[in-house]
Amino acid sequence: MLSRKTVVCGVPTLVFFGLILGACSGNSNSSTNSGGTTGVNPGGGTASGGTPTFPGGGSATTTGGTATGGGANPNGGTVTTMGGSGGSPTMPGTGGTPAGGMSTGGTGGTPQTGGAGGTPATGGSGGTPGAGGMMSMLGPSAGCGKLPPAGETIGQTTPKTIDITGMDPKYVAGYTHRNYCTTMPDNYDGTTPLPVVFYGPGCGATGCEGNNFSGKDYFIVQAIASLDAHGGAEVPTGAAPGCFQAGTVGTADSPEGPYFDQVMAEVAATYCIDTSKVYAAGTSSGSWLSNYLACARGGAVRGAVCDSGGLQFDHPTCTGGAAVMEIPGDTATKTVDGHEIGEAAARDMFIQLNGCSMTPTTMQFGDLSCDFYGGCASPIAWCPSAGGGHQAGNSHLYSAGTAFWSMLQ
């Protein structure tokens, strides 16, 4: 039975790597005028005069005749129709914004890059391309079918640099210039979408390090903490630069969220991965990061395995959807300023958030015996059998974690 309950977090509109998944609907080609001379409406249909209703979603008043509206926008993007108010049967009317246009991409747009600019109908102008995102649609990424970048070798780890945008201004100095590493497994062929492990090591990792998942059928993305962040709320109190901003003093608007979004968008555009099978894993500071991502990016992270690091008290509204395995190590219970933030508190919150049974059964995952909270699409596993030492589960991450992930649909 659970030792405590936490407040159930709300479930907002599904978010994929920081972007709202939108759908773009087409528009009718017919329009009707009343009050003027019957004429031909280039936007579709026969006009019978008056105030036309445009298939693009806008309206205009003419003194008669034909009005030309904006057309359907199949690829996403906002279409602004052109033309002035008419009087003559051949004068285009003022158009409007189509119902199907969306600035974040829509049906017909490439999921990894957003929707293309809208194709204008007669009288309309082209739409603005959507911003897009890595996972507008789950499944094979845009990198499938591409050759690996020049100089990269299958089975070897490659360091990368990236500049992160869209953060609160207070984080810009310390968290803009970031690094990460990628490893294509031995079976990578560029056409078969592979599951991804987004791995977070402990504090002080400044380069590409090995981990239990390398070379074992997973595409590996190793996160690296910012080396520019110093003190305060940027890294856990008393820690040197090199800890993720997702720990005892982590913030709800942590810069690690945009970092994850933009790294994974870059990976999805370059390599062949399965965006429906993105998993987070980590030890120590990387475990705090994995718990944070399971909370803040539950629509993008399908499962997480967290060793020796709980969920920070100051976190955003959790989205739900991530199955989580907690290997508590020495952080089963932890308090900061009177708040419980250990892995037991994270376990309780995810059980309630995901709607799982509060009565566990015992299950074996790899070499760990765990309390399993099922009855839900995203179950929770509590695995104290790894021992109580710090990073006690590190050697179990692959065997226990992959067994746990393999049962997820």
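All values below were derived from every heavy atom in this structure, side-chain atoms included, with hydrogens, water molecules and symmetry-related copies excluded. Counting from 1, the numbers follow the sequence of the chain as shown.
Side-chain contact check for C144 versus T191: every heavy-atom pair is 4.5 Å or farther apart. Side chains of M264 and Y180 form no contact here, defined as non-hydrogen atoms less than 4.5 Å apart. L311 places none of its side-chain heavy atoms less than 4.5 Å from the side chain of W288. Between D163 and R178 there is no side-chain heavy-atom pair separated by less than 4.5 Å. Put simply, the side chain of P148 reaches to within 4.5 Å of the side chain of Y188, judged on heavy atoms. At a threshold of 4.5 Å between non-hydrogen side-chain atoms, the residues Y218 and P195 count as touching. Between T165 and P258 there is no side-chain heavy-atom pair separated by less than 4.5 Å. A 4.5 Å side-chain heavy-atom check between T206 and I224 finds every atom pair outside the cut-off.
Without hydrogens or angle criteria, S385 side chain to S369 main chain gives a donor-acceptor distance under 3.5 Å. No donor-acceptor pair under 3.5 Å is formed between the side chain of S285 and the backbone N or O of C203. Checking side-chain atoms of K146 against main-chain N and O of A269 turns up a donor-acceptor pair under 3.5 Å. Distance alone, capped at 3.5 Å, is enough to place a donor-acceptor pair between the T402 side chain and the Y398 backbone. Judged purely by atom type and a 3.5 angstrom limit, S284 has no side-chain atom pairing as donor or acceptor with the backbone of G202. Put simply, the side chain of S226 gets close to the backbone of G174: a donor and an acceptor are under 3.5 Å apart.
The existence of a salt bridge linking R302 and D274 is excluded, since no basic side-chain nitrogen approaches an acidic carboxylate oxygen closer than 4.0 Å. The residues R297 and E256 are annotated as not salt-bridged, no charged nitrogen and carboxylate oxygen being separated by less than 4.0 angstrom.
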> Between H390 and T283, is a side-chain contact (heavy atoms from CB on, under 4.5 Å) present by the stated rule, with each step listed?
Replying inline: CA-CA 9 Å; H390 191 58; T283 62; over 6 Å; no
> After noting the C-alpha distance and the side-chain angles of T275 and S141, does the key distance pass the side-chain hydrogen bond (donor to acceptor under 3.5 Å, both in side chains) rule?
Replying inline: CA-CA 6 Å; T275 59; S141 68; over 6 Å; no
>> Between V221 and V263, is the side-chain contact (heavy atoms from CB on, under 4.5 Å) condition met? List the steps.
In response: CA-CA 9 Å; V221 179; V263 166; 3.8 Å; yes
> Run the side-chain contact (heavy atoms from CB on, under 4.5 Å) check on W382 and C370 step by step: do they pass?
Replying inline: CA-CA 5 Å; W382 175 255; C370 307; 5.9 Å; no
> Can you list the steps and then say if K277 with V196 is a side-chain contact (heavy atoms from CB on, under 4.5 Å)?
Replying inline: CA-CA 6 Å; K277 296 180 180 180; V196 178; over 6 Å; no
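If you check the side chains of E343 and T331, you find a donor sitting under 3.5 Å from an acceptor. Side-chain polar atoms of Q245 and Y292 form no donor-acceptor pair below 3.5 angstrom. Looking only at atom types and distance, the side chain of Y171 has a donor-acceptor partner in the side chain of T251 under 3.5 Å away. No side-chain donor-acceptor contact under 3.5 Å links T182 and T158. Counting only N and O atoms by type, the side chains of S399 and D367 include a donor and acceptor under 3.5 Å apart. Looking only at atom types and distance, the side chain of Q391 has no donor-acceptor partner in the side chain of S308 under 3.5 Å away.
Going from atom OG1 of T176 over to atom CD1 of I164 covers 8.0 Å, rounded to the nearest 0.5 Å. A distance of 8.5 Å separates OG in S290 from CG in L397, rounded to the nearest 0.5 Å. The structure places OG of S378 at 13.0 Å from CD1 of I351, a figure rounded to the nearest 0.5 Å. For the atom pair CD of E266 and CG of D261, the computed distance is 13.0 Å after rounding to the nearest 0.5 Å. Rounded to the nearest 0.5 angstrom, Q222 CD and N179 CG are separated by 10.0 Å. Atom OG in S214 sits 11.0 Å away from atom CD in E209 (nearest 0.5 Å).
The two residues A223 and P201 make their nearest non-hydrogen contact at O-CD, 3.3 Å. The two residues F244 and A225 make their nearest non-hydrogen contact at CE2-N, 3.4 Å. Heavy-atom minimum distance, S357 versus Y373: O-CD2, 3.3 Å. When all heavy atoms of L408 and P379 are compared, the pair lying nearest together is CD2-CD, 3.7 Å. Considering all non-hydrogen atoms of both residues, A322 and N354 come closest at O-ND2, 2.9 Å. When every heavy atom of L194 is checked against every heavy atom of P185, the shortest pair comes out as CD1-CG, 3.5 Å.
Using cut-offs of 30° and 60° for the angle between ring planes, the W405 and Y279 rings count as parallel.
The neighbour count for K160 NZ, taken as heavy atoms of other residues, nucleotides or ligands under 6.0 Å away, is above 12. Surrounding CZ of F313 are at most 12 heavy atoms belonging to other residues, nucleotides or ligands under 6.0 Å away. Heavy-atom neighbours of D337 CG from other residues, nucleotides or ligands within 6.0 Å: at or below the threshold of 12.
Among the candidates V267, L289, V301, the single residue satisfying the side-chain contact (heavy atoms from CB on, under 4.5 Å) test with F198 is L289. Among R347, M349, E326, the one residue that satisfies the side-chain contact (heavy atoms from CB on, under 4.5 Å) test with N291 is E326.
The ring-ring contact (aromatic ring centres under 6.0 Å, His included) test applied to Y271 returns F219, not counting sequence neighbours.
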